[in-house]
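Sequence lines set the chain letters: A, B, ... in the order given, protein chains first and strands last, and positions in each chain run from 1.
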4 protein chains.
Amino acid sequence: MPKVSDEHMEGRRRQIIDAAIACFARDGFHRATMQDICAEARLSPGAIYRHFPGKDAIVEAIADERHAREAEFMRAALEVGGVDGLRVFGSASFRSLAAPAEKRRRRLGVQVWAEAVLNPEIRKLVMRGTKPPRDVVARLVREAQESGELADDLDPDAVGRVMLALFQGFILQQAWEPGADVTAFLETAELMVDALARERVAE
Amino acid sequence: MPKVSDEHMEGRRRQIIDAAIACFARDGFHRATMQDICAEARLSPGAIYRHFPGKDAIVEAIADERHAREAEFMRAALEVGGVDGLRVFGSASFRSLAAPAEKRRRRLGVQVWAEAVLNPEIRKLVMRGTKPPRDVVARLVREAQESGELADDLDPDAVGRVMLALFQGFILQQAWEPGADVTAFLETAELMVDALARERVAE
Amino acid sequence: MPKVSDEHMEGRRRQIIDAAIACFARDGFHRATMQDICAEARLSPGAIYRHFPGKDAIVEAIADERHAREAEFMRAALEVGGVDGLRVFGSASFRSLAAPAEKRRRRLGVQVWAEAVLNPEIRKLVMRGTKPPRDVVARLVREAQESGELADDLDPDAVGRVMLALFQGFILQQAWEPGADVTAFLETAELMVDALARERVAE
Amino acid sequence: MPKVSDEHMEGRRRQIIDAAIACFARDGFHRATMQDICAEARLSPGAIYRHFPGKDAIVEAIADERHAREAEFMRAALEVGGVDGLRVFGSASFRSLAAPAEKRRRRLGVQVWAEAVLNPEIRKLVMRGTKPPRDVVARLVREAQESGELADDLDPDAVGRVMLALFQGFILQQAWEPGADVTAFLETAELMVDALARERVAE
DNA sequence: TATGAATGAGAGTTCATTCAT
DNA sequence: GATGAATGAACTCTCATTCAT
């Protein structure tokens, strides 16, 4: 039972992870019980423990999954390059999170962040997801500095952190107020980036 | 020791809240047990339940306390007014959170945010703390627009949200990496604000 | 401070017992807390523990109080004597319990009975209250047998138990259904006694 | 051991109820702890909570079980009918409770009564058990009145209550004094019924 | 004498995890 | 491989009782 079993295994993992995502987004990691996840996945506890050694492992699997989504944006941004690449990356990332359908994703994200503060294992996983985007931004900033689009005194890594912070704050605020004005937020963020670039051009 | 003063009562509340803050920052709301809080406060369960009807109430009391800290910064910023007020408010707020001693405060803050996503009561409390700073920023932006320091097409409320997002992302990142480069982050954020203002002046 | 203190002591005891009666009748012995009794008595725990060594002692004091009420009926019944004395005693006892105002007394009585099953101390007290009425009935029956009013084959002690049982069942049923038809019950019970006597006369 | 039969399920319920009956009869509802019941049932807390949502539910299940025992007596009594049916019902019911082996049952019964005073849910259940016997008695009395065996001025429902009261008082007294003279009590009660009937015949 | 804040053992209940079937 | 009944440690919260004031 080799190949079929592997596919089956993978299918079960997905089924469990999806159920867990639904439960965790709804109730948080601690209030969601394994029984809740079993019910949501329509699986028995035994079946779940065959695929994950415990509740924490499911949390970790979810934390591990969170990145990778932006890989596509990053590739596209790097192709464009420079300040325009920055803009592409920024607005693509924002838009991917702003959709109402992403409400669950945002709620879950905040849970993962809080857990990452407490649990080094989770933190490692989460940072494995946040580091690449920051590096992409830093690289784009460096490119823009080399081409004269941006001032040299900007710290590329710090810009990476600042842009990440904007995303994070945005996700958090939307998790609290799903109806918050998303467009104005994005536009304002873009204006700030543009200002940095435009003033350079204006010199 | 009967008939104690209100001061004593208030002192006990502080003692419990401080103990709870320590426990929650260390282990999170859900992993910290009432026994942990009792041990930390060197008080018995009964003593704690005399002052709070349950664990949730302590969480709420803590969430309720989180704001008010910025009140001083806000007052100062409004006195200065305009883009300079914005700068004062921004750097004061950042600096107040960047100190290593605030590590616990940052960790706890992230816990509260996650809880606010799940618990409407906590959310209400948290937003009662985030709304005034956002409003102060919006007011300073409007002043700056009236005096011509900032472009009219900036949405003042959105700027409030963007600045709040910067703080939040900053706290989160520092909660994960207490050694992250704080100065560069702050400088970059200030550069962005300056850019908005400078380009206006440059026109 | 001799006499004044004694009166005061006794007054406090009454105050506490009355409060406890109210609480126990409302919630039962186990659900009523010492705090409830304190609140009802408008006294502090310390004050109560000065007069009673513990909750059980209050229960015992109450169980101890329950009898004595019928002493007057018993005296009157013995004066009348014979079957008529039986009738006097029966209807006086019933009537004293049937009044709506005695609802609390009935509820409390049932609590005490249940406790008496579990607690030998309480049981002793309760039986100290039930034995004399049974003995009075037995004595009246013996009188009636001697005067020929009742058949000799009646067991006087058993009649005492039967009459006590009628009271107890009546109290219980009324504790469950305060609106139960009391008059019909009493009349039926009297008819049964009368039948015993009448048939004797009829011979 | 998954997917067990309904029989197994029912068996566990019995096991738990039996353990609870033993504990409650010994210590009362409030002093018997869930741990006691677990120990008596040789089951873990979790196993019990799979079958009952809480301690109260076990109490209710027990209160609900108490009736039904008399169903057989009632059927037999109704077959016989009239005053003889009354006698059959009475002595069968008494004898079923008088056996020393029923000591536990009597103790538990008194606990349930006390609880029924406080808890409407239990009361409803208990009265669902006491109403049918009362109604059977009332029906037999009516039959006896129609056939001239009993006087028309007897209130059939009140006779039902009186007979129930006799049982209840008897159970209570025996719960207090397991060695009380049962035979004499029953004989006296029968004499009272007989007297009512005999005097009618004698007219 | 009275107060009431404080104690702390222990209550009912939950839930991550196991394992016989 | 899947099931789900069972486990039992650990949780939050209660409340009879004490004792410094």
### Between C1' of dT7(F) and NE2 of H51(D), the distance in whole Å
13 Å
### Message
Can you measure H8(D) atom NE2 to dG4(F) atom C1' for me and round it to whole angstrom units?
### Response
11 Å
### Query
Taking atom P of dA5(F) as reference, at what distance in whole Å does atom CD of E10(D) sit?
14 Å
#### Entry: Under-4.0 Å salt bridge between R26(A) and E40(A)
yes
### Query
What's the verdict on side chain to side chain contact (heavy atoms under 4.5 Å, CB included) for D27(A) and L118(B), showing C-alpha distance, side-chain angles and the deciding distance?
CA-CA 6 Å; D27(A) 301 322; L118(B) 303 170; 5.6 Å; no
### Query
Is R13(D) salt-bridged to E65(D), going by a charged N under 4.0 Å from an acidic O?
no
### Message
Any donor-acceptor pair under 3.5 Å linking the side-chain atoms of E115(D) with those of H30(C)?
### Response
no
### Task
Look through every strand shown and name the nucleotide pairing with dA20(F) as Watson-Crick or G-U wobble, where both distances are under 3.5 Å.
dT3(E)
#### Entry: R13(A) CZ to dG1(F) C1', straight-line distance once rounded to whole Å
17 Å
### Query
Just checking, any donor-acceptor pair under 3.5 angstrom between side chains of Q15(D) and H51(D)?
no
### Message
Return the pairing partner of dA9(F) with a 3.5 Å limit on both distances, Watson-Crick or G-U wobble; otherwise return none.
### Response
dT14(E)
### Query
Roughly how many Å is it from CD1 in I48(C) to P in dT1(E), rounded to a whole number?
16 Å
### Query
Yes or no on side chain to side chain contact (heavy atoms under 4.5 Å, CB included) for I58(B) and M34(B), after CA distance, side-chain angles and deciding distance?
CA-CA 10 Å; I58(B) 304 181; M34(B) 287 303 272; 4.0 Å; yes
### Message
Side-chain N or O of R12(D) versus OP1/OP2 of dA6(F): is the shortest distance under 4.0 Å?
### Response
yes
### Task
Describe, in one word, how the ring planes of F24(D) and F29(D) are oriented to each other, choosing from parallel (under 30°), tilted (30 to 60°) and perpendicular (over 60°).
perpendicular
### Query
What is the distance, rounded to the nearest whole Å, between atom CG of D36(A) and atom P of dT17(E)?
14 Å
### Task
Round to a whole Å and report the spacing from CD1 of I16(B) to P of dA5(E).
12 Å
### Query
Atom CZ of R50(B) and atom P of dC15(F): how far apart are they, to the nearest Å?
13 Å
### Query
What string of B, S and - do you get for nucleotides 8-13 of chain E 5' to 3' if you count protein non-hydrogen atoms under 4.0 Å?
BB-SSB
